[in-house]
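Numbers for residues simply follow the sequence, beginning at 1. All figures in this text were calculated on a predicted structure; none of them were measured in a lab.
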Amino acid sequence: GDQDATGVTTINTNTLVISSGVIKNRVYGLGKGADLSVNVAGDMLVQNNGGIYTSVYDNKASGKAGNITVNVGKDLQILNGGAVYSATSGQGDAGSIVIKAKLLTIDSQDSEYTTGTITNISKDVTGNGGSITVAVDGAINLINGGVVQSDTWGQGNAGNVLVTAKSIRIDSQGNNKSVTGISANTHESATGKGGIVTVEIDGDINIINGGTVRSDTWGQGDAGTIVVKSKSLTIDAQGSKDATGITTDSDIIGKGGSIMVAVDGDINIINGGMVRSITYGQGDAGSIVINAKSLTIDRKNSEDVTGISVDTYETGKGKSITLAIDGDINIINGGQVRSITQGQGDSGNIFVKAKSLNIDSRGSEYVTGIGADTGSKATGTGGSIKIEIDDVMNIINGGEIRSMTWGQGKAGSVIIKTKSLTVDTKGNDQNVTGILADASQNATGTSGSIDVKVIENVLLISNSQNFNV
């Protein structure tokens, strides 16, 4: 209904289809909106701009919007503009959303309307956003513009997002009209903070073809933290020109959120995929911490940067990248771990610990390796690189570890400790192979130092005109 209400409105049924129609409750005054509880023993379908809505509808209303709980025994599909949605346009908070199902598919089917599970805070309002909890026994498919999304455009803080499942696939399927994925964002007019995004998956996470897990700020409010846990993680842009991966960006004043990834098995970041934190404004970028059994970064044939990066382009500072890998790190074919400053802000440090490290350009025309660079227009200081390898480190065929300044900013130091080290150009005269701390010819900033400690005193270096330590 469109009136103030209290209590709980409950729907119990074997199956449920909501197509074009809505189940809704609005708050206009002081009273709390009624909670909506939907319990479906079998399948449930929400489509064609239909949905379940609660909201604080008037900008003077101080009552809290009702909470939404959806329990589905089998499959839940939200399609073509369908939504489970709670919002505030007033002083009262939006309601929380809890969804439980055996399987979940959210697919916009190219609809111009947002499709998925959403909490929202309108411009200039003070109410806070509600939290979103999605708990699925089996697989979640967020495809073609489908979202789980918490946004603030106002003074209120966005709600937190928690997603749990056996597996999840986030795939835009070439949809470049709208974002596909899980997000908590702070928009241009907002002073409120972004929510925390937590994704805990028992099995595999596949973020592909423009899919994202993101927490961005375009306003004064800080972006929220992103936490991702799973058995395995694959990030593959598959040629998409849209950002694919786990990202947090700061565009004006607010700080970017930190990213924490913990994977029991393998992480593969390939073909334009990214774990990225960027600041384009005054706010600092967020830090990145990754723990896994193994890590592979492979650009393959992509024209886009592939890997893990913290970049700063204005006065905001970059934060650190920390990689703690139990087994092997393979950075190949144009893959990168990088920290860059192109502005006044300092770039972040890079810390790497693993059993082995293999850096191999495999003839790629792009830089391959681990780098902390200070750009040609930058005045900020470059970050340092510290690497500790328990066993073997191979830098071959155009691979490099480098700290470089191209401008006024000072380059950072490079510190390496490993059991054994091999540096071998493999005949590659196109790219430099090796360990560098350097200043370009036109740079006024000073280069950093290099400190390499090889425990077993094994240093194998092939002859080449393009080798550098």
Side-chain angles (χ1 to χ4, degrees), residues 142-145 169-181 204-214 216 228 232-249 259 261 263 266-278 280 285 288 290 292 294-311 313 321 323 325 328-340 342 350 352 357-373 375 395-402 404 426 428 430-433:
L142 302 179
I143 55 178
N144 190 21
R169 178 170 68 103
I170 304 174
D171 181 356
S172 79
Q173 295 184 341
N175 184 335
N176 57 11
K177 295 184 296 183
S178 57
V179 172
T180 301
D204 304 332
I205 297 177
N206 288 284
I207 305 173
I208 57 179
N209 193 20
T212 59
V213 176
R214 64 193 298 173
D216 296 340
V228 175
S232 71
L233 170 63
T234 296
I235 302 174
D236 182 355
Q238 295 183 349
S240 173
K241 291 301 180 183
D242 295 321
T244 301
I246 303 171
T247 66
T248 174
D249 294 356
I259 297 174
V261 178
V263 175
D266 304 331
I267 297 177
N268 291 286
I269 304 172
I270 57 177
N271 201 22
M274 290 293 297
V275 177
R276 181 189 75 190
S277 178
I278 294 180
Y280 296 99
I288 297 175
I290 296 178
S294 71
L295 171 63
T296 297
I297 302 173
D298 184 352
R299 189 164 181 159
K300 292 185 178 288
N301 298 317
S302 176
E303 296 179 356
D304 299 314
V305 174
T306 302
I308 301 165
S309 73
V310 174
D311 299 344
Y313 289 90
I321 298 173
L323 307 181
I325 308 300
D328 304 334
I329 297 177
N330 290 289
I331 304 172
I332 57 177
N333 196 26
Q336 295 182 32
V337 177
R338 73 179 196 184
S339 175
I340 294 177
Q342 300 280 7
I350 299 175
V352 178
L357 172 62
N358 181 56
I359 302 175
D360 182 354
S361 81
R362 295 186 177 178
S364 172
E365 63 182 296
Y366 301 106
V367 172
T368 302
I370 301 172
D373 286 3
I395 307 171
I396 58 177
N397 193 16
E400 61 183 50
I401 297 171
R402 81 178 191 190
M404 188 84 178
K426 297 287 186 179
N428 186 332
Q430 180 179 358
N431 300 316
V432 173
T433 302

Quick check: closest heavy atoms across [X] and [Y], and the distance to 0.1 Å?
{"X": "Ala237", "Y": "Gly272", "answer": "CB-C, 3.5 Å"}
{"X": "Ile170", "Y": "Thr212", "answer": "CG2-N, 3.7 Å"}
{"X": "Gly398", "Y": "Ser361", "answer": "CA-OG, 3.6 Å"}
{"X": "Ser339", "Y": "Ile350", "answer": "N-CD1, 3.8 Å"}
{"X": "Tyr366", "Y": "Glu303", "answer": "OH-CA, 3.9 Å"}
{"X": "Gln430", "Y": "Gly363", "answer": "OE1-O, 3.9 Å"}

> Are any non-hydrogen side-chain atoms of Val367 and Gln336 less than 4.5 angstrom apart?
Replying inline: yes
>> Within the structure provided, determine whether Asn358 and Ile396 are in side-chain contact (heavy-atom separation under 4.5 Å).
In response: yes
Measure the spacing between [atom1] of [X] and [atom2] of [Y] and express it to the nearest 0.5 Å.
{"X": "Thr247", "Y": "Ile278", "atom1": "OG1", "atom2": "CD1", "result": "8.5 Å"}
{"X": "Thr306", "Y": "Asp236", "atom1": "OG1", "atom2": "CG", "result": "9.0 Å"}
{"X": "Ile269", "Y": "Ile290", "atom1": "CD1", "atom2": "CD1", "result": "5.0 Å"}
{"X": "Asp360", "Y": "Asn333", "atom1": "CG", "atom2": "CG", "result": "8.5 Å"}
{"X": "Thr234", "Y": "Ile208", "atom1": "OG1", "atom2": "CD1", "result": "9.0 Å"}
{"X": "Thr244", "Y": "Asp304", "atom1": "OG1", "atom2": "CG", "result": "8.5 Å"}

> Does a salt bridge link Arg402 with Asp373, judged by any charged N lying under 4.0 Å from a carboxylate O?
Replying inline: yes
> Does a salt bridge link Asp311 with Arg338, judged by any charged N lying under 4.0 Å from a carboxylate O?
Replying inline: yes
> Hey, mind stepping through Ile329 and Val337 against side chain to side chain contact (heavy atoms under 4.5 Å, CB included) and telling me if it holds?
Replying inline: CA-CA 11 Å; Ile329 297 177; Val337 177; over 6 Å; no
>> Exactly one of Val261, Val352, Ile308 should register a side-chain contact (heavy atoms from CB on, under 4.5 Å) with Leu295. Which one does?
In response: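 Single side-chain contact (heavy atoms from CB on, under 4.5 Å) partner of Leu295 among Val261, Val352, Ile308: Ile308.
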> Where do Arg214 and Asp249 land on the salt bridge (Lys or Arg N to Asp or Glu O under 4.0 Å) test, with the steps shown first?
Replying inline: CA-CA 8 Å; Arg214 64 193 298 173; Asp249 294 356; 5.3 Å; no
> Can you check side chain to side chain contact (heavy atoms under 4.5 Å, CB included) on Met274 and Ile235, steps first, answer last?
Replying inline: CA-CA 7 Å; Met274 290 293 297; Ile235 302 174; 5.9 Å; no
> Would Asp171 and Thr180 satisfy side chain to side chain contact (heavy atoms under 4.5 Å, CB included), going step by step from the backbone distance to the final call?
Replying inline: CA-CA 7 Å; Asp171 181 356; Thr180 301; 5.9 Å; no
>> With side chain to side chain contact (heavy atoms under 4.5 Å, CB included) as the criterion, how do Glu400 and Asn431 come out once you've worked through the C-alpha distance, each side chain's angles and the decisive distance to 0.1 Å?
In response: CA-CA 9 Å; Glu400 61 183 50; Asn431 300 316; 5.5 Å; no
> Are Asp266 and Ser232 linked by a side-chain donor-acceptor pair shorter than 3.5 Å?
Replying inline: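 Short answer, no.
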